[in-house]
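Structure, as structure tokens:
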Amino acid sequence: MKFKRTLCLMLCLCLLAPLAACGEGEAHERQLFAMDTVMGLTAYGKNAEAGLDSAIGVINSLSAMLDPEMSTSEAYKLNHAQGESLPISGQVAEMLNTAYSVYESTGGALDLTIYPLVKAWGFVDANYRVPTEEEIESLLEQTGFDKLTMTALSGGQTYLVTIPDGMELSFASIAKGCASKYAISALRSAGVESAILTLGGNVQTLGVKPNGSDWNIAIQDPQDSEGYAGILSLGECAVVTAGGYQRYFYGEDNVRYTHIIDPSTGYPADTDLLSATVVADDALMADALSTALCVLGSDGAIDYYMANGGFEMALITDDGRVLITPGLIDSFELANLDYTVEMIR
């Protein structure tokens, strides 16, 4: 079986990478490997080092909490509870609530319970394979986010979660969004006023550059791992890109299979979108939406945006178009002239 799997071993190979910020203020930088990706953190000012220490602690804590293959993690315990109810942390409850709201509003395009299908395709351990139709149908019977129940106890600060025996969930599609959200919060609490985090395809900024200008954030060209499709100039926000171009393999049938699974079919999503970039205030919501939009395809993504709003997006299609929402059009500069830019109306 021929396959290709691209791991982010260098920051320049991330789905979305910030361009270097120049100007006033000394940059304090850290790198770490967590949640199966290389992460880069840059902070400015006298409190930068303390803030970075706190942010890295947050990321490592969440990574250990959400790893479904680590026996001490909350995710593992939920998946092996055999139908019993378990208490969960506030951050896990927030992720489940956010993911469920996207699950409902997108008609199931984001479903955390497809983890057994992701494993069956080999995207967890890189033992890539094409499951049989019978295997996929059997695994689909064990999925469905609406089968999970979460009950708030007194005060609403503690939750009990119950998932059916045999069902497994993964937080992979939202974990980095949650990590960047709380890492930024840790930096802010430490007194940092200017910072930028790159967690794989997730970029989040705190404030603006030390010289007062916006951040330049490049959207990777999904057809060129070393090139950019365009550049966004933005202030404080979260920018999250999802796409099937980062992790995929070719089966014996010479068909290209990507890691973004369509929960309705159990097969990799087959749409016209090469990538979907979401810009929002909430990194967790942006992370959840970026994956869901890839499953919906351009028409479904545009319909969702028109009906719901609350975020901006840039969609790259397989016919060479960059579709951008009105609130983002003036912040975008095309870097690859092979693409054409169209504003979503």
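Computed from a predicted model, the values in this text were never measured in an experiment.
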Do [X] and [Y] have side-chain N/O donor and acceptor atoms under 3.5 Å apart?
{"X": "Asp272", "Y": "Ser298", "answer": "yes"}
{"X": "Asn202", "Y": "Asp287", "answer": "yes"}
{"X": "Asn216", "Y": "Ser233", "answer": "yes"}
{"X": "Tyr115", "Y": "Asp111", "answer": "no"}
{"X": "Thr151", "Y": "Tyr159", "answer": "no"}

- request: Applying side-chain contact (heavy atoms from CB on, under 4.5 Å), run through Phe332 and Leu334 and close with a yes or a no.
  value: CA-CA 7 Å; Phe332 180 80; Leu334 189 65; 4.0 Å; yes
statement: For Ser180 and Ala283 the tightest heavy-atom approach is OG-CB, 3.4 Å
field: Nearest atoms (heavy-atom pairs only) where Thr271 meets Gly297
entry: CB-CA, 3.7 Å
Closer than 4.0 angstrom, basic N to acidic O: yes or no for [X] and [Y]?
{"X": "Glu236", "Y": "Arg188", "result": "yes"}
{"X": "Glu26", "Y": "Lys46", "result": "no"}
{"X": "Lys181", "Y": "Glu94", "result": "yes"}
{"X": "Glu84", "Y": "Lys77", "result": "no"}

Look up atom [atom1] in [X] and atom [atom2] in [Y], then write down how far apart they are to the nearest 0.5 Å.
{"X": "Leu187", "Y": "Leu52", "atom1": "CG", "atom2": "CG", "value": "6.0 Å"}
{"X": "Leu315", "Y": "Leu296", "atom1": "CG", "atom2": "CG", "value": "10.0 Å"}
{"X": "Met39", "Y": "Leu197", "atom1": "CE", "atom2": "CG", "value": "9.5 Å"}
{"X": "Ile260", "Y": "Asp270", "atom1": "CD1", "atom2": "CG", "value": "12.5 Å"}
{"X": "Ile114", "Y": "Gln142", "atom1": "CD1", "atom2": "CD", "value": "14.5 Å"}

field: salt bridge (Lys or Arg N to Asp or Glu O under 4.0 Å) between Lys176 and Asp36, worked out
entry: CA-CA 10 Å; Lys176 290 189 287 293; Asp36 200 30; over 6 Å; no
Do [X] and [Y] come close enough that some side-chain heavy atom pair is under 4.5 Å?
{"X": "Gln223", "Y": "Leu274", "value": "yes"}
{"X": "Ile344", "Y": "Ile324", "value": "no"}
{"X": "Phe249", "Y": "His259", "value": "no"}
{"X": "Phe311", "Y": "Asp281", "value": "no"}
{"X": "Asn336", "Y": "Tyr228", "value": "no"}
{"X": "Leu206", "Y": "Glu193", "value": "no"}
{"X": "Thr205", "Y": "Val239", "value": "no"}
{"X": "Val295", "Y": "Leu110", "value": "no"}

field: Parallel, tilted or perpendicular: rings of Tyr103 and Phe145 (30°, 60°)
entry: perpendicular
query: How are the rings of Trp121 and Tyr267 set relative to one another: parallel (under 30°), tilted (30 to 60°) or perpendicular (over 60°)?
result: perpendicular
task: Starting from the C-alpha separation in whole Å, work towards a yes-or-no answer on side chain to side chain donor-acceptor pair (under 3.5 Å) for Ser105 and Tyr304.
output: CA-CA 8 Å; Ser105 62; Tyr304 182 86; 2.9 Å; yes
Is there a chain of hydrophobic side chains (I, L, V, M, F, W, Y, each step under 4.5 Å between heavy atoms) that links [X] to [Y]?
{"X": "Leu199", "Y": "Ile184", "value": "yes"}
{"X": "Leu117", "Y": "Val255", "value": "yes"}
{"X": "Val208", "Y": "Leu41", "value": "no"}
{"X": "Met70", "Y": "Met95", "value": "no"}
{"X": "Val341", "Y": "Leu234", "value": "yes"}

message: As a quick check of understanding, evaluate side-chain contact (heavy atoms from CB on, under 4.5 Å) for Ile88 and Met150, giving each step before the final call.
response: CA-CA 10 Å; Ile88 58 173; Met150 185 164 65; 3.7 Å; yes
- prompt: Hey, mind stepping through Tyr44 and His28 against side-chain contact (heavy atoms from CB on, under 4.5 Å) and telling me if it holds?
  reply: CA-CA 6 Å; Tyr44 299 85; His28 298 257; 5.9 Å; no
task: Start with the C-alpha distance between Val161 and Thr149, add both sets of side-chain angles, then the distance that settles side-chain contact (heavy atoms from CB on, under 4.5 Å), and finish with yes or no.
output: CA-CA 6 Å; Val161 171; Thr149 61; over 6 Å; no
task: Would you check if the distance from the ring center of Tyr257 to the ring center of Tyr128 is below 6.0 Å?
output: no
- prompt: Looking at Val322, Leu323, Asp221, which one forms a side chain to side chain contact (heavy atoms under 4.5 Å, CB included) with Ile316?
  reply: Val322
message: If you apply the rule salt bridge (Lys or Arg N to Asp or Glu O under 4.0 Å), what do you find for Arg30 with Glu49, and how did you get there?
response: CA-CA 9 Å; Arg30 302 281 186 87; Glu49 288 297 326; 2.6 Å; yes
message: Heavy-atom count check: over 12 atoms from other residues, nucleotides or ligands less than 6.0 Å from Asn60 CG?
response: yes
